[in-house]
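Because the structure is a prediction, the values reported are computed rather than measured.
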Amino acid sequence: MFNTVEELIKSLTETFGPSGEEETVRTMIANLVRDRADRVFEDALGNLYAVKESNRPRIMISAHMDEIGVMVTNIDENGFLRIAPLGGVNPIMLLGQRIRFKNGLTGTVYHEKFKELKELDWSKLYADIGQRDAAAAENNVKIGDSACLAQPFNNLPGGRCLAKAMDDRVGCAVLIETLRRLPERLPQEVCFVFSIQEELGLRGAKTAAYSYEPDFGIAVDVTLVGDTPKAPTMAVSLGQGPAIKVKDSSILCHPRVRQLMVETAENNNISHQLEVLERGGTDAGAIHLSREGVPSGAISIPCRYVHSPSEMIDLKDVLNAVELMVKLLTKEWPFSEESNVF
Amino acid sequence: MNEDKIVNALMELSEMTAVSGGEEAAVTAVARYLRPYVTDIKRDRFGNLLAFKPAENATGKTELTIALVAHADEIGAMVTKIEPEGFLRFTPIGGLDPRTLPGQAVTVHGKNKFPGVIGAAPPHLLTEKERGETTPMEKLFVDIGLDQDQAVDEVKVGDLISLEQHPVVLKNGKMMTGKSLDNRAGISVLIACAAGLSRICHSVDVVFVASLQEEVGLRGAVTAAYGLNPDLAVAIDATHGDAPELEEGRFFKLGEGPVIAIGPNLHPALVDRLEKTADKHFLSVQREPIPGHSGTDAWAFQVAREGIPTALLSIPLRYMHTSVEMINLDDLFNCVKLLGYFIGGLNRTFLEDMKKC
């Protein structure tokens, strides 16, 4: 359906899907993976699963479909909207930005008068959808409707790309492309989960892991970088390869899963980095604490300006991540049903 | 297991390294201490150590299962970057306090173990203002004496860093100071309790749990509680000991007994039974009101599956999350006695009375 991974990322990032309203992006992904898996289904909360059936162990690979956004909390008599964050949104990032609702309606976010930037909080922000009064506004949006950012995808000379919602549509793209490249039959079962509500606290992955009962878990998400001017110390850079996670706020990755990833990358000459993320979590955090525990790890796409309207990634990292995933899933994982310890 | 042996075990365990996520060596040592007193010992999928001690009584029947849980892990740090001069930047694992770090000896767990130090700028080179301030964590670094080329060969981003300190029993013979007494003191209580229970009749199955990754958010306890699904649980951990300049009412006296926690995290029937048991056997205990999150494994155990009635016993400990934590060994011994009498007296009726309406 898409000729290149780049087109796939463009399409995924430009699609609507703030936490709690993932339907549009879910339908799109379901259509892309339907013919590539043995079973494709949704659960009651809206997680999307694509299973390639095989013997145990069962590996769950999760990338979240949802993106940060805002929700309408009030519509005033002049048709202005008050908004609240969905996920970790810094109000500064929204000033003058376009937002878009599920029905395609576009608006902009602006601010009431303030003296100093530190006074800027959500109570000072409003969205303007260009309607003359409350009735006109209510014809187009309702309280509780969500909007996402509206920036388009751009590719930059040299192979880097800018878009909203790289976090984590780029992870979804890695899963979809991996699924496309995998052989018919794998040595173990793999379930690709496109999860909901990660941005609100890994909520979809929690129930998906409970339901699928995996033996191992892997999250594919974005991570921060330390390669921008005066960035906080972090040894991850754009273009240096997918980052194999050691730790973030949600998980200390299982050393054997991490080792398997590092060995696979080294044996296949896939460039990679090690990631220690000081703030932030990912679906692996929820998966590894499911039931009696699930040895888990994560592969991250280095991304600049995460949770801004212009998140930047390097396509080389995406292609290397796909390569790493394909190699990782086509080799046989050490596992014994009797032994509890991996 | 006499008191000297318990102290020796605690000395050995205190000095071992078990930064959250890197607990293997310490857990192996704990297993070695528990093995003589239990029938089965295993690790769950998360890595928690589970040691099983079935009921031993005249009827040969078990009345219920109780889990005693103490976390095996300790706070520490992780390498985030190797600087061009070979200095290592790091991020905390658990509640590491930057005030206590400059001048601290550490070990970096790379390809090999590297001794190192957390350095500090000499006071001579600081301004008046800087001298009165705490250096934030991101400005600190570990020096292992290697240049960048050597360091890159030997150390990787993600390697663990542990605090170094030899444990010492102070001159009064009662106080011990060292690193990781939070929560090797609790682990020693488990070991001594397993030994003690081997000498008395008890009608309940006991599972001793050395849990992992407590310091980063009770993670081991979440999966251990789900996997074991015991009828009751008691967490053994540390609480704040008395010291000058602390806010009144937030600490407990060393030497005045283990601390029984009271609050929504703790089941009132268990609290009541622990207090009555202490009373009956003339053991001095203290009471700690905790209005919400206890910050211990008890918090995770209580809400596993359908819910597990849980209690918390704490050893008063001074200077928590430094490398010079201090406890009074009598509190530890009394905690073991209290748990022994408590478990010796448990039966099915206690559990059924809890659920009566």
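Salt bridge B/R45/A/E292: absent, no basic N to carboxylate O contact under 4.0 Å.
Environment of NZ in A/K331: crowded, with over 12 heavy atoms of neighbouring residues, nucleotides or ligands closer than 6.0 Å.
The one candidate from A/Q197, A/E198, A/H64 that meets the side chain to side chain donor-acceptor pair (under 3.5 Å) condition with A/R203 is A/Q197.
When the candidates A/P232, A/G285, A/S296, A/S250 are compared by the number of heavy-atom contacts under 4.5 Å with chain B, A/S250 comes out ahead. Interface summary for chain B: among A/V246, A/L252, A/I251, the most heavy-atom pairs under 4.5 angstrom belong to A/L252. Of the listed residues (B/N48, B/V216, B/T80), the one with the most heavy-atom contacts under 4.5 Å to chain A is B/T80. Considering only heavy-atom pairs separated by less than 4.5 Å from chain A, the leading option among B/E138, B/K81, B/M78 is B/M78.
Judged by the 6.0 Å distance and 45° axis criteria, A/R56 is not positioned over the aromatic ring of A/F335.
Contact annotation for B/R89: only side-chain heavy atoms (C-beta onward) come within less than 4.5 Å of a heavy atom of chain A.
Ring geometry for B/W299 against B/H293 counts as parallel: the plane angle stays under 30°, on a 0 to 90° scale with 60° as the upper cut.
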